[in-house]
Peer 1: 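One structure, pasted below without further comment.
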Amino acid sequence: MKTAFTARRLYTPVDEIPNPLLLVEDGRISEIFSRSAKDAPGNTPLVDFGDAVLAPGFVDIHMHGGAGLDLMRAMPSELPRLGKFLTTHGVTGYFATTVAAPLDATCAALGRLADAIEAAAKESPTDSAQARPLGIHLEGPFLSHKRRGVHPPECLVSPTIEVFERLWQAARGHVRMLTIAPEIPGALEVIAEAARRNVCVSIGHSDADMPTAHSAVQAGARHATHTFNAMRPLDHREPGILAEVLGNDHLSADIIVDGIHLDPAVVKLFLRAKGHDRAVLITDAISATGMPDGRYQLGPIEVDVKDGKCTSNGSLAGSVLTMDRAVRNVTKFSEWTLRDAVQAATLNPARAAGLPAHGVLAPGAEADFTVLSPSGEVLETIVRGRGF
Ligand SMILES: [Zn+2]
């Protein structure tokens, strides 16, 4: 089945197309052009979103849950509920992200997530729009004790190929991203092995000095996790991991733009350092996202949520941020345009994570897109051409 979509403008996201026509066939984009060049094919149903913007669906590569569901505990049959919630915030794909937990519990969670990922990949495109789990992000257990944040100290493990292999097997190869502290003995070997398996290795939860962070990049790391948070701070005479993350153009890096994890001035500095092609927005959202204040689970961790702030024993414990709000915050905290901010939530994370058919509106890509008001509010979200 063929459908045509139009609106005031479209972000590819690198380019802006005025009066666009987006043609979708069997869940994939077949053609994109401006209606000033030619008109819609006469026999194709046309969906007109008026003065809205068509943008690629947001891709959240660091997300622990939402709508009351914690991904360390959720059953595969519950994930569609989370998927529907996420589409109301413009997200069409995400990496289910773990937290450090006892290894048996982690492996059980990885098996459930692998089931959910395989089920979502098989779903026919005629189903209602739901954001899909596209892979697994292992946040832990190879984290620094000193920069662990709320990850339980007794669940942190020294990096070895054996432990990594066990997690890989439990996840049936669906691990797409690994956050690891490069300074822990054994980390560089695991980084190299994970990179060989096309995992996006991300340095974070780390107290590394600059040379160690650089060695991680040479071993295969290509990204950094929630820059500034759970990292050795930048010091002008002891630059540390942050100088490598901000200064090395081979690394992309992500940030949590909820106005709580980072001061807006630091967001601005980060965007200037990483630039339009390497800055990535994440939510680090937990089960409490879209829910009232109260007490929630994040894997084995109990989190108190009050006025949008998530804490556990006084430390920040994820967020209740949504991707659409992160995008709007970028336009408020910096000079970046809505299109720039959309790129940091779509193409940049998809590139960092090795997802070529996502985060972009181009012929051959999945017809996953979101319809935004000119100020960045989500009006509709379409997954594989469905959901309008
Ligand atoms: Zn996280």
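In each ligand, atom 1 is the first atom listed, and ligand 1 is the first ligand listed. The residues of the chain are indexed from 1 along the displayed sequence.
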Peer 1: For the Zn ion (ligand 1), which N, O or S atom of E139 is at the shortest distance?
Peer 2: OE1
Peer 1: Would one find more than 12 heavy atoms of other residues, nucleotides or ligands at under 6.0 Å from atom CZ of R272?
Peer 2: no
Peer 1: What is the minimum heavy-atom distance between T225 and M231, and which atoms define it?
Peer 2: O-CE, 3.5 Å
Peer 1: Is atom CG of N313 surrounded by more than 12 heavy atoms (other residues, nucleotides or ligands) closer than 6.0 Å?
Peer 2: no
Peer 1: Round to 10° and report the angle made at the Zn ion (ligand 1) by NE2 of H64 and NE2 of H62.
Peer 2: 100°
Peer 1: Measure from the Zn ion (ligand 1) to every N/O/S atom of D284 and report the name of the nearest one.
Peer 2: OD1
Peer 1: Of all heavy-atom pairs between H358 and L134, which one has the smallest distance, and what is that distance?
Peer 2: CE1-CD2, 3.7 Å
